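Below is one structure, written out as structure tokens; comments come after it.
Atoms within each ligand, like the ligands themselves, are counted from 1 in listed order. Predicted, not measured: the structure shown is a model, and the values here were computed from it.
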Amino acid sequence: MTESLLMLYADHLAIATARTEAALERHGVDTLVLDAGEAIAKSRFDDQWFAYRPVAHFAWWLPLYAPGSCLVLRQGRRPTLLWHDPQSYWEAPPPPSHHGFAAHMDVQLVQHSSGLPADLLAGRCAVVSESEARASLLVPDAAWNPAALLADLDDARTIKTPYEIACLAEANARAARGHDTLRQAFAAGGRSELDLHLDYLRATWQDDAETPYKNIVALDQHAATLHHIAYGRGSPGDSAGSLLLDAGATCHGYHADITRTWVRGSGEAADRFKALVTSVDRLQQDLCERIAIGLPYEDLHDHAHLLVGQALRQLGVVRASAEAAVAKDITFAFFPHGLGHSLGLQTHDVGCARIQPRSDNPWLRNTSTIAPGQVFTIEPGVYFIEGLLGPLRASPAGRDVDWRLVDALRPFGGVRIEDDVVVDAGRGHLNLTRAVLPEGGGAA
Ligand code: GLY
Ligand code: MN
């Protein structure tokens, strides 16, 4: 870790402390215990475990992957880290990605999970933990996950500190190497989805379990499955015409989440699909330009539908006006997910999704009012999903669609372009992804 990142980390801890103390004050809590969580069993009938990932409330303070650990926070006191080190000869956790935290907290190594020492606790105590049983083991009679306090802490994490933005930028730079590698591998041809997934892991130097979310690697019509992770293994030969890659990387626990769509080959259908990718790329950048402090994110999502309607009309897929295509739910059939979500220690950070979206935006995960320091994705898409287009075709609104063109484009599956952006008080926004991966998609 560089000296300057270490300084930013110290500032980050000071900000996290101030925000947390203010939340504790508001909720009348004197001692807060953040449980790092434990590995989760894959099945109660087995002895295998999912790869461990620390709870975001804990990970906000330090990049330690040691299940069974916890952090004790008290007003006006240095934090105490109880670092669980079970001395197991079966498995050992990875070392922390940096040790900057050691200068800012008292660290005690513990070998067994047990009740916390009484001298660490004072007054009213709350425990944030995945499990009620573990919370009461740590501090009997403490409040477990008090909803209003948790909501404030989730909220506090939506405004990123300069340290967090630096980590998110680095995660983007790392993911960009994987995207560049896969664009070239796809252009060369002959790689299966599994090959491409493995190429991505190598290029970004990540184990599968370390990626922020399972890589989405979709060739051709697989791109019509929004989260396609059942990788094809047979060589696609030269038939693959499109690649949708939605894949990220992490830095000190912070996630990048990037999608690019590439097209190969020639012929009328490939050219029409390339034109669609170019349109989605342009409208994605138009949406980024519209980011403004005080604007409800849901308005941006609504505007995305209008732009998708315009693009579909310009390309001849839809004959109705953009407004009519939105009103008749035609755009929803082609763009059925939310425009984006808050991003941080969680790929879908929850603090910007505390309010339900309108019922016609069921999958929107960002319902906040745009504010300086937020980091979120902008990820419009257009897909050819049989389960949504079939009913549209059978409905009166289906008469506004050129189904011959839809059938020609269907083998390409769909397009999504996704960047990670920071809302900046001075400059409107800063695009962390385009800074390292300028192109959104097009000809590979
Ligand atoms: N990149 C996966 C998602 O945002 O759902
Ligand atoms: Mn995303």
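- The aromatic rings of Y163 and H252 sit parallel to each other, their planes meeting at less than 30°, with 60° as the upper class boundary.
- Taking R19 as the reference, nothing meets the salt bridge (charged side-chain N to carboxylate O under 4.0 Å, His left out) condition, with sequence neighbours excluded.
- Protein heavy atom closest to atom 3 (C) of ligand 1, with residue, atom name and distance, is H348 NE2, 3.2 Å.
- Sorted by first and then second residue, the salt bridge (charged side-chain N to carboxylate O under 4.0 Å, His left out) pairs with a member in residues 273-282 read D271-K274, D281-R434; sequence neighbours excluded.
- In the vicinity of H227, heavy-atom distances shorter than 4.0 Å reach the ligand 1 atoms 2 (C), 3 (C), 5 (O).
- The stretch residues 350-378 participates, sequence neighbours left out, in these salt bridge (charged side-chain N to carboxylate O under 4.0 Å, His left out) pairs: D155-R354, D302-R358, R358-D360.
- Using a 30° and 60° split on the angle between ring planes, H12 and Y9 fall in the parallel class, below 30°.
- Of all protein heavy atoms, the one closest to atom 2 (C) of ligand 1 is D246 OD2, 3.5 Å.
- If you number the atoms of ligand 1 from 1 as listed, the ones under 4.0 Å from a heavy atom of H341 come out as 4 (O).
- At a cut-off of 3.5 Å, with distance as the only test, no side-chain donor of H341 or D349 sits close to an acceptor on the other residue.
- Checked against a 3.5 angstrom limit, the closest N/O atoms of D257 and ligand 1 fall inside it.
- Every N/O-N/O distance between R365 and ligand 1 stays at or above 3.5 Å.
- Classification of the Y52-Y65 ring pair by plane angle, with boundaries at 30° and 60°, yields perpendicular.
- By the 4.0 Å N-to-carboxylate-O rule, D220 lies too far from R410 to be salt-bridged with it.
- For the pair E379 and ligand 1, a heavy-atom separation below 4.0 Å is found.
- Under the 3.5 Å distance criterion, with hydrogens and angles disregarded, a donor-acceptor pair is assigned to the side chains of N172 and T433.
- Distances under 2.8 Å from the Mn ion (ligand 2) pick out the protein N/O/S atoms D257 OD2, H341 NE2, E379 OE2, E418 OE2.
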